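First comes the structure, then the notes that go with it.
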Amino acid sequence: MAEVKLHPDWLAAIGGEFEQPYMADLKAFLAAERAKGKRIYPRPRDWFAALDATPPQEVRVVILGQDPYHGPGQAHGLCFSVQPGVRTPPSLVNIYKEMQSDLGIPPARHGYLKSWADQGVLLLNNCLTVEAGMAASHQGKGWERFTDAAVAAVAADPAPKVFILWGSHAQRKAANVPALGPGTPHLILRAPHPSPLSAHNGFFGSRPFSQANDFLTANGRGAIDWRLPETPETAAT
């Protein structure tokens, strides 16, 4: 994993995970897959992009995804986000619809969510890699344990945060973190996944964006500006 970078504050918080046997096994698995000629998304330099974009002490909101997008040119390390110039995926279209209903913000013309990450929204997938065209192909290889450690480190910090848990995968992941149990200082928002298959079962109308901002403001942490820039930043090449 020498090709990737990780913010030094995250290294201080969870760097010990890289010394664990499961990470050696994960590294070997990824190397073997690439040696077979399999295409893996996102590119290696973006595997830890969510953590690099949002240092632990700056996290105000956590949104948990499942896997990176597995189509060409989509994934760049932030859950639900796609690179500039890529068509907005259906789940993100529904997120924009709910944001418009909740806050009156018109849907963006792109799906690049880096401005959220820059404001302290940790956009973290459960698994940080996937084989091209093969959803969930890297589940159970070790990423879940690593991202569990990241979520636990954020939750252990008592500064109030909002955890937005869309769908059963995100909710099960949070259930494994003791600091998100009874007595937590954080706000936990649960709703169905924004996928077209489930969004009409309670995602629409859940108002996560206004609830998050109300909580953050009440706790002196400042509201997130959920509006996205009219023109997305240019992705690093």
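What you see is a predicted model, and the numbers here were worked out from it, not measured in a lab.
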Exercise for the section: Answer yes or no: is there a donor N or O on one side and an acceptor on the other, between the side chain of His110 and the main chain of Pro229, under 3.5 Å? Expected result: yes
Handout entry: Any side-chain heavy-atom pair of Leu128 and Phe146 under 4.5 Å
Key = yes
Practice task
Please list, chain by chain and in numerical order, all residues satisfying side chain to side chain donor-acceptor pair (under 3.5 Å) with Lys173, sequence neighbours excluded.
Solution key: Asn126, Thr147, Asp148
Completion exercise
All heavy atoms of Val59 vs all of Val62, minimum pair found to be CG1-CG2, 3.7 Å
Handout entry: Steps toward side chain to side chain donor-acceptor pair (under 3.5 Å) verdict (Asn125, Gln66)
Key = CA-CA 5 Å; Asn125 276 312; Gln66 185 174 345; over 6 Å; no
Handout entry: Main-chain N/O of Phe203 paired with Ser206 side-chain donor or acceptor, under 3.5 Å
Key = yes
Problem - With Glu58 via side chain to side chain donor-acceptor pair (under 3.5 Å) - residues at least two apart - result: none
Exercise for the section: Name all residues meeting the side chain to side chain donor-acceptor pair (under 3.5 Å) criterion together with Ser81; count only those two or more places apart in sequence or in a different chain, and write none if there are none. Expected result: His76
Practice task
Show your working on side-chain contact (heavy atoms from CB on, under 4.5 Å) between Phe163 and Val151 and close with a plain yes or no.
Solution key: CA-CA 10 Å; Phe163 286 77; Val151 174; 4.1 Å; yes
Completion exercise
On a heavy-atom basis, the closest approach of Arg227 and Ser115 is O-OG, 4.2 Å
Practice task
State whether a side-chain donor-acceptor pair under 3.5 Å links Asp225 with Gln119.
Solution key: no
Practice task
Indicate, with yes or no, if Leu124 and Val61 share a hydrophobic cluster defined by side-chain heavy-atom contacts under 4.5 Å among Ile, Leu, Val, Met, Phe, Trp and Tyr.
Solution key: no
Handout entry: Validation row: Pro196, Ser91 side chains within 4.5 angstrom (heavy atoms)
Key = yes
Exercise for the section: Report yes if some heavy atom in the side chain of Phe204 is under 4.5 Å from a heavy atom in the side chain of Pro194; otherwise report no. Expected result: no
Handout entry: Under 3.5 Å donor-acceptor, Arg60 side chain and Leu216 backbone
Key = no
Handout entry: Test applied, side chain to side chain donor-acceptor pair (under 3.5 Å); reference residue, Asp67; option that passes from Gln139, His169, His138
Key = Gln139
Donor-acceptor pairs under 3.5 Å, side chain of residues 10-17 to any protein atom, not counting sequence neighbours: which ones?
from: Trp10; atom 1: NE1; to: Leu51; atom 2: O; distance (Å): 2.9
from: Trp10; atom 1: NE1; to: Thr54; atom 2: O; distance (Å): 2.9
from: Glu17; atom 1: OE1; to: Tyr22; atom 2: OH; distance (Å): 2.7

Practice task
Report yes or no: does Arg39 contribute a side-chain atom to a donor-acceptor pair with the main-chain N or O of Glu131 at less than 3.5 Å?
Solution key: no
Practice task
Treating Ile, Leu, Val, Met, Phe, Trp and Tyr as nodes and any side-chain heavy-atom pair under 4.5 angstrom as an edge, say whether Trp116 and Ile105 lie in one connected cluster.
Solution key: yes
Practice task
Kindly give the heavy-atom pair with the smallest separation between Lys114 and Ala53, and that separation in Å.
Solution key: CE-CB, 4.1 Å
Problem - Residue pairs, two or more places apart or on separate chains, that pass side-chain hydrogen bond (donor to acceptor under 3.5 Å, both in side chains) and touch residues 191-200 - result: none
Handout entry: Backbone of Ser210 reached by a side-chain donor or acceptor of Asp102 within 3.5 Å
Key = yes
Problem - Within-4.5 Å side-chain heavy-atom neighbours: Trp166 and Arg190 - result: no
Problem - Side-chain heavy atoms of Ile40 within contact of Val130, under 4.5 Å - result: no
Exercise for the section: Say whether, by atom type as modelled, one donor and one acceptor occur between the side chain of Ser101 and the main chain of Lys97 under 3.5 angstrom. Expected result: no
Practice task
Flag yes if Val162 and Ile95 sit in one hydrophobic cluster, no otherwise; membership is Ile, Leu, Val, Met, Phe, Trp, Tyr, and two members link when side-chain heavy atoms are under 4.5 Å apart.
Solution key: yes
Exercise for the section: State plainly whether one hydrophobic cluster holds both Phe29 and Phe48, where clusters connect Ile, Leu, Val, Met, Phe, Trp and Tyr through side-chain heavy atoms under 4.5 angstrom apart. Expected result: yes
Exercise for the section: Decide side-chain contact (heavy atoms from CB on, under 4.5 Å) for Leu189 and Phe209; before the verdict, give the C-alpha distance in whole Å, the side-chain angles of both, and the deciding distance to 0.1 Å. Expected result: CA-CA 10 Å; Leu189 299 177; Phe209 306 101; over 6 Å; no
Practice task
Could you check if a side-chain atom of Val121 sits within less than 4.5 angstrom of a side-chain atom of Trp226, using non-hydrogen atoms only?
Solution key: yes
Fill in the blank from the handout: On a heavy-atom basis, the closest approach of Pro89 and Val82 is CG-CG1, 3.5 Å
Handout entry: Residue pair Trp47 / Thr129, side-chain donor-acceptor N/O under 3.5 Å
Key = no
Exercise for the section: For residues Lys38 and Met134, determine if any side-chain heavy atom of one lies less than 4.5 Å from a side-chain heavy atom of the other. Expected result: no
Problem - side-chain contact (heavy atoms from CB on, under 4.5 Å) assessment of Tyr112 paired with Leu228 - result: CA-CA 8 Å; Tyr112 190 57; Leu228 293 167; over 6 Å; no
Problem - Tyr69 and Phe80 aromatic centres sub-6.0 Å - result: no
Practice task
Side-chain contact test, heavy atoms from C-beta onward, threshold under 4.5 Å: evaluate it for Ile63 versus Leu122 and give yes or no.
Solution key: no
Check: residues 174-187 side-chain donor-acceptor pairs under 3.5 Å, at least two apart:
from: Thr184; atom 1: OG1; to: Ala179; atom 2: O; distance (Å): 2.9
from: Thr184; atom 1: OG1; to: His186; atom 2: N; distance (Å): 3.2
from: His186; atom 1: ND1; to: Lys161; atom 2: N; distance (Å): 3.1
from: His186; atom 1: NE2; to: Ala155; atom 2: O; distance (Å): 2.8
from: His186; atom 1: NE2; to: Asp157; atom 2: O; distance (Å): 3.4

Exercise for the section: Following the transitive rule for hydrophobic clusters with a side-chain heavy-atom cut-off under 4.5 Å over Ile, Leu, Val, Met, Phe, Trp and Tyr, establish whether Leu123 and Leu6 coincide in one cluster. Expected result: no
Completion exercise
Of all heavy-atom pairs linking Gln100 and Pro107, the shortest is OE1-CD, 3.3 Å
Completion exercise
Taking every heavy atom of Ala50 against every heavy atom of Leu78, the minimum-distance pair comes out as CA-CD2, 3.5 Å
Practice task
Could you tell me whether a side-chain N or O of Asn219 sits under 3.5 Å from a main-chain N or O of Phe215, the two making a donor and an acceptor?
Solution key: yes
